[in-house]
Each structure stands twice: as structure tokens, then as C-alpha cells.
Amino acid sequence: MRATSYPLATLRENPAEAEIVSHQLLLKGGFIRRVSSGIYSYMPLMLRVIEKISSIIDKELKSIGCNKLLLPLLHPAELWERSGRWESYTAGEGIMFNLLDRQNRGFGLAPTHEEVITTIASEIITSYKQLPICYYQIQTKFRDEIRPRFGLMRSREFIMKDGYSFHSSEEDLKQFYEKMETAYIKIFSNCGLETVGVDADSGSIGGSASKEFMVTAESGEDSILFTESGSYAANIEKANSIPTKEIPIKVQSQDLLFTPNQKSVYEVCKQNKIDSTQIVKVILFLGVFDDDSQLPILVCIRGDQTVNEVKLFNLVDTKYEKSLINLSIIERNIESEKNLDNLPFGFIGPDINDSIIKSDSNWQKSWLRIVDHSANNLNLFFTGANKIDYHKINSFNSMSQKFINADVRNSKQGDYITIKGTETLIEKRGIEIGHIFQLGQKYSHKLNAKFSNKEGKLENIWMGCYGIGVTRLAQAAIEQNHDDDGICWPIHIAPFEVNLIPTNIKDSNQKNLAEEIYLELKNNDIDVLLDDRDIRAGIKFKDSDLIGIPFRIVIGRDSINNEVELISRVTKKSIKVHRRNILEKFLYESKLMYN
RNA sequence: CGGGGCGUGGCGCAGCUUGGUAGCGCGGGUGCUUUGGGAGCACUAGGUCGCAGGUUCGAAUCCUGUCGCCCCGACCA
């Protein structure tokens with residue numbers, strides 16, 4: 001490509017709208033342009049990156065026998081009603097853009113494609129002899145995110161690779177899942193990225209085992225916990241661990257503790273010289289189910305711990321036949337006062353009476369009481385006395401209410417991973433760029449996708465699904481690879497491998513030499529950008545650094561002696577090379593970088 | 001959804017408190033000089049001041065409404 005016919009459109013200053021460095025560099029480098037919140041145009045440079053990532057994915061997936069196809073974006077509501085996800089994806093979380101056609105039929109823009117692909121599979125697959133089979137696509141996805149942010153990190157329209165595999169047994173699914181995991185590791189390393197694989201919650205996609213692939217970065221939206229040795233790694237949504245030891249309470253007292261206005265764990269500890277591990281705090285939630293019923297939930301947890309809402313959601317969801325579509329904290333506001341009578345906010349104990357739920361409330365009339373392990377293990381603890389301005393010492397043994405004992409806490413840095421273990425957890429931020437799931441028979445069951453097994457009996461097809469956020473991966477790569485001057489693309493996914501810069505295009509000697517080398521590189525299938533603009537060399541260098549092309553060949557003063565320079569973007573090291581050796585030298589240096 | 005901030009040429013911003021008919025830097029165009037890290041001088045083009053009402057002789061500025069964008073928050077008991 002020639003810079004004169006391939007407008008770079010770089011910006012001199014950082015756009016005000018971007019906060020994190022990768023987003024700033026994408027805008028500044030002219031890779032993307034914002035059209036609306038969470039909606040971006042991919043400019044030619046960006047598209048080249050996307051295409052490189054796509055072809056790395058293609059190569060690896062085809063090598064394990066996956067078949068590429070392309071599915072529609074516009075899905076009929078009826079299809080999603082069959083899988084039972086229409087309600088929760090539109091009315092519930094509202095993540096699915098939806099609309100009516102001129103016939104007044106409902107449609108949605110696809111946030112994911114299980115429904116469509118499973119329907120296809122149900123029509124095509126009839127026998128175990130056709131299995132296993134895996135389809136995938138690289139497609140635009142639409143999700144009306146609660147808060148789109150950070151450019152391509154969390155956008156409402158984005159490009160994703162999504163794959164779906166079909167199997168005749170759970171065993172076969174597991175084997176393929178592992179094959180896919182290996183392929184994913186290769187894909188990310190072939191993109192020049194460092195990733196961590198972590199155990200994950202399956203979320204609304206459903207299924208049993210699932211694993212996320214994370215690029216570690218400060219700006220990541222996920223918390224991941226892992227051991228130094230790598231023996232354990234999990235998303236905080238999923239991580240299980242042993243909390244640090246509490247400081248036991250020695251003396252039992254029946255007396256109420258006067259704690260005026262001390263509504264938080266922090267205040268109670270500070271004013272009364274109590275350790276936060278000696279407190280059980282109570283947090284109230286309201287669950288809403290798909291049949292509109294509303295369940296008040298009371299969660300008890302040790303004062304120094306925090307509630308993991310994902311674990312809590314899953315616990316409540318699996319406890320009931322109907323499905324939970326929303327879980328929110330009950331705060332003191334008009335809504336809660338309408339349903340609760342004289343609730344002593346800030347001083348609630350685990351044993352607060354069911355009778356505080358008003359009789360005319362449309363909530364269920366008794367609390368679902370849950371105790372996290374961290375609190376359940378305490379013999380005695382300080383907790384709310386259910387009376388404004390008072391706490392007391394209490395124990396679960398002395399309470400008459402029924403509690404469900406469960407793990408609903410967030411793991412923390414410093415936790416042990418097993419009771420007798422010596423390894424503790426480290427916490428870091430991560431950007432999720434890939435996720436693989438063993439779906440099992442959830443979708444095949446709902447969408448009636450069956451096959452005849454060896455015994456001639458009909459059975460639901462076993463399924464797996466596998467995603468990679470292509471556009472997110474590109475931005476995560478920048479988050480991981482940049483410096484003060486701009487992007488430092490890994491060569492594997494860089495828009496160009498080398499930037500050819502004649503410092504003065506008006507010098508016919510330079511111009512001719514540049515043209516010759518340009519042709520030579522192109523003829524050897526090297527992605528080269530020739531900066532043939534008639535501008536000062538400084539601008540070309542700045543642009544080159546900004547858009548992050550891994551190598552630069554400068555044709556300047558020494559061109560009179562047929563000498564050029566080969567410079568690495570990352571190290572800035574420059575070597576002088578004779579014109580006749582430049583191809584060979586470049587191939588040698590770039591090969592080092594590819595490996 | 002709650003809280004905070006911001007909407008003024010392509011980009012970054014000033015002007016608003018105290019109304020008087022829009023300015024700076026970068027970028028664009030032309031010319032001359034310059035030419036290995038975002039050059040200098042001169043000239044020049046380019047703006048519904050987010051939108052809609054209102055107050056006023058007069059509104060970017062004051063009032064009301066509305067739309068959009070960005071940031072923080074789903075642990076407050």
C-alpha cells in the first residue's frame with residue numbers, strides 16, 4: 001500500500017472521549033471512528049488487523065476440523081421463545097436489541113447464535129455417524145450493554161468468532177472441548193498475546209464447565225485470582241477459596257451494644273475496637289423471577305468479606321423450578337418502604353423477623369435466609385440487634401430460623417486455595433477475550449435437536465460453544481503492547497509488517513530506491529506500507545510509531561551509497577543494510593519476531 | 001437506573017460568572033523559505049455555539065425542557 005492512496009487519518013491530539021490508552025491510540029491512530037455510543041466504524045487499518053486475527057483463527061480452527069459458515073443477524077422472536085431466552089434477553093436484562101417487522105412480528109439482533117445453529121443442527125443431524133461436527137463463524141454481534149465503554153472493549157456492536165460443536169456423548173464433548181482449549185492457546189500465542197486461562201461462570205449462556213481466556217491488564221473489567229505456580233486460576237465470579245482466619249470472640253455477653261449511628265462494619269469496628277472478622281453483616285436482596293414473583297433474600301456474611309452476586313444468583317436460580325431473571329440489593333427507598341415495615345437499616349441481624357415484610361406487599365412473605373461459609377463457621381459474632389442504634393453478640397445456634405449454608409462470597413487476594421494448602425491467591429485485572437463452554441444438552445433439549453444413537457434410540461445432541469472477541473482482542477493487544485509513542489503491534493496481527501520511509505520523496509534517488517524495494521517486498525508477500533507522501537520525515541516517523549508497524553525501513557541520506565536502515569519499532573534499534581541485502585535481512589529479523 | 005462532568009469549525013480548547021452578534025492552538029488550502037522526529041513566515045477557506053422553547057431591543061452567555069457523549073457506582077446495612 002501507498003500512504004498517498006491509503007489515508008492514515010492520524011490525529012495530532014488525544015480525543016477527549018477516550019480514557020484508557022488502547023482506546024486513545026485506536027482513535028488517534030485513525031483505526032476506528034465512533035458513530036454512536038458503543039458503535040464504531042472500522043477504518044482500513046483496523047480492518048487489516050481484524051482480517052489478520054481472523055485468518056489466524058481460521059487456520060487453527062480448520063486444523064481441528066471446524067467448518068466456517070455465516071449465520072443471520074436478524075432472528076425471529078419465536079426462535080428465542082423456544083429456547084426460553086427471549087424474555088430474559090429482552091425484558092429482563094434488555095441486552096437484545098429487538099424490533100417489529102411490518103407484519104408486527106418480533107425480531108432481535110443476535111447477541112449470540114445458539115438458537116439458530118441448534119435449529120440447523122436439528123435439521124441436518126440425524127445419526128451418531130454424522131458426529132462430532134463443529135461450525136463456526138466470524139460475525140458481528142449486537143448487545144445493548146448497560147454501559148458501553150472503552151471503545152472496542154465493551155461495545156454494542158462488535159465482531160466475534162463463535163463456534164458450536166455437536167457430539168454423540170458427553171465424553172466426546174469433553175475431549176473436543178480440550179482440543180478447543182489447546183487450539184485457543186495456540187490462537188492467542190499466534191496473535192502474539194500473553195493470556196491466562198481461568199475457570200469461569202457460564203452466565204446466561206448456561207452449561208457446565210467453562211473457561212475464559214484473559215489478557216492481564218490494569219484496565220481489565222474482570223478480576224481474576226490465581227496462584228503463583230499456576231495450579232489454580234479462576235474468575236472472581238467463580239473462584240472458591242478459604243478466607244483468612246477470624247479473631248475469635250472470647251466472652252459472651254447478652255447485653256446490647258449501644259452503637260449510635262454506626263451503620264457500617266467500618267464504623268462499628270472503629271468505635272468499639274472490634275475486628276471486622278468478628279462481625280456478621282446482613283445484606284438484603286430482591287430476586288425477580290420470570291413469572292414476576294418477587295423473593296426477598298437475606299444474606300449473612302463475615303464483616304470483612306463481600307457477597308458474590310453471581311454465586312448468589314446461581315444458588316437462588318437452581319433452588320427454584322422457575323428461573324430467576326433479576327437480582328438486586330434492597331436499599332432504603334420508597335420501593336423498600338412500601339414492602340417492609342420499620343426495617344432497622346444498618347442494624348439488621350440474621351434473625352430479623354419475617355413479619356417486617358408487610359402483609360399487603362407483593363413480595364413472598366418470608367426471607368430466603370442464606371449464610372456464607374465465612375459467617376457460618378463463627379461460633380460467636382457481633383451483628384445487628386434488629387433495633388436502631390444497637391448491635392449484639394449472637395450465634396446461629398441460638399436462632400430459630402432456617403438458613404441455607406452456601407458459598408456466596410468473593411475470593412480475595414491472600415486466601416488459601418485449600419484448607420491445608422500453603423498456596424495463596426493473587427488477584428489481577430483481566431480482559432476476557434475468549435470463552436469456551438460445555439453446554440451439554442440445554443439447547444438441544446429446548447430446541448428438540450436429537451440424533452439416533454448406536455442403540456437406535458433418540459438422544460439430545462451434546463453441545464459445546466466457543467467464543468473469541470475479535471475486536472476486543474485487537475484492543476487488548478494494544479493495552480498489552482504500547483509505549484509513549486504509540487502502538488507496538490505484535491507482528492502477527494499488525495496492519496503492516498514494515499513501513500518503508502523515503503525521508504525525501506523529491507530526491508529521485510531515494511524515490512527510485514524506495515520503489516524498487518517496495519516492489520521487491522511486495523513480490524515476496526510482505527505487508528508493506530510505502531510512505532510516499534511529500535511531507536517532512538518527522539511526520540512520517542511519528543505516524544509510523546503511532547500506528548505501530550513493527551519494522552521500518554528508512555531510505556535517507558545514505559541512499560546515495562545504496563544503504564538503508566532497518567529499525568525495530570519496539571527496541572528502536574537501527575541497523576544499516578545494503579540495498580541488495582534488505583529483503584534477506586528483513587526476512588531474518590521478522591522471522592525472529594514471529595517465533 | 002443513580003451520581004458526576006461535558007456538548008463552541010476536522011481535532012484540542014477559551015469565551016458564559018457580569019448578555020452587545022465568536023476566538024486561540026493544531027489540522028486544511030495557496031505561495032516562498034526549510035527538509036532525519038509532528039518546521040517558519042505571509043495570505044486564505046471553514047462555525048445551525050447539540051436541539052427546542054422562553055426572557056430581552058439584543059442570547060454561545062440568563063431560564064425551562066430535551067437529546068447526545070464521557071466517567072464513577074451494582075457491597076450501603
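Residue numbering restarts at 1 for every chain, and letters A, B, ... go by the order of the sequence lines. Values below: all heavy atoms of this structure, side chains included; hydrogens, waters and symmetry mates excluded.
- Minimum interatomic distance between A:Asn353 and A:Trp367 (heavy atoms only, all atoms of both residues): O-NE1, 3.7 Å.
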Atom pairs under 3.5 Å, N or O on each side, protein against nucleotides 66-70 of chain B: can you list them with distances?
| residue | atom | partner | partner atom | Å |
| --- | --- | --- | --- | --- |
| B:rC69 | OP1 | A:Ser36 | OG | 3.2 |
| B:rC69 | OP1 | A:Ser37 | N | 2.9 |
| B:rC70 | OP2 | A:Ser37 | OG | 3.0 |

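- By the 5.5 angstrom centroid cut-off and the 30-degree plane limit, A:Phe541 is classified as not stacked against the base of B:rG37.
- In this structure, the CG atom of A:Asn326 is 10 Å from the C1' atom of B:rA74, given to the nearest Å.
- If you check B:rA39 for Watson-Crick or wobble pairing at under 3.5 angstrom, you find it paired to B:rU33.
- Nucleotide B:rG28 has B:rU44 as its partner under the Watson-Crick or G-U criteria, with both atom distances under 3.5 Å.
- Taking the centre and axis of the six-membered ring of A:Phe289, the NZ or CZ atom of A:Lys322 falls inside the cone set by 45° and 6.0 Å.
- In the set B:rU34, B:rG36, B:rA74, the nucleotide with an atom closest to the side chain of A:Ala537 is B:rG36.
- Residue side chain A:Glu13 does not reach the base of B:rG27 through any donor-acceptor N/O pair under 3.5 Å, judged by distance alone.
- Nearest approach of A:Pro243 to A:Asp415, heavy atoms of both residues: CA-OD1, 3.7 Å.
- Residue-to-nucleotide proximity on RNA chain B shows that, of A:Thr306 and A:Ile539, the 5′-proximal contact is made by A:Ile539.
- Across all strands shown, B:rG68 forms a Watson-Crick or G-U wobble pair, both distances under 3.5 Å, with B:rC6.
- The gap from the C1' atom of B:rC70 to that of B:rG25 amounts to 23 Å, rounded to the nearest Å.
- We find that NZ of A:Lys542 is positioned 22 Å from P of B:rC11, with the value rounded to whole Å.
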side-chain hydrogen bond (donor to acceptor under 3.5 Å, both in side chains) evaluation trace for A:Asp351 with A:Gln401:
CA-CA 7 Å; A:Asp351 52 347; A:Gln401 291 89 352; 5.8 Å; no
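- Residue A:Glu309 contributes atom CD, which lies 14 Å from atom P of B:rG73 at whole-angstrom precision.
- When the side-chain nitrogen and oxygen atoms of A:Arg536 are compared with OP1 and OP2 of B:rU35, none of them lie within a distance under 4.0 Å.
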Pair A:Arg156, A:Asp144 - check salt bridge (charged side-chain N to carboxylate O under 4.0 Å, His left out), show working.
CA-CA 5 Å; A:Arg156 299 196 292 172; A:Asp144 193 1; 3.2 Å; yes
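- Out of B:rC76, B:rG12, B:rU35, the shortest distance to the side chain of A:Ile329 is found at B:rC76.
- Put simply, the residue from A:Asp558, A:Asn561, A:Asn562 that forms a side chain to side chain contact (heavy atoms under 4.5 Å, CB included) with A:His578 is A:Asn562.
- Of the N and O atoms on the side chains of A:Asp389 and A:Asn261, not one donor lies less than 3.5 Å from an acceptor on the other residue.
- A donor-acceptor contact under 3.5 Å links the side chain of A:Asp545 to the base of B:rG37.
- If A:Gln510 and A:Tyr266 are placed on RNA chain B by their nearest nucleotide, the residue sitting closer to the 5' end is A:Gln510.
- Counting only heavy atoms from C-beta on, A:Ile146 has its side chain closest to B:rC1 among B:rC1, B:rG25, B:rG36.
- With a cut-off of 3.5 Å on both Watson-Crick or G-U wobble distances, the partner of B:rC1 is given as B:rG73.
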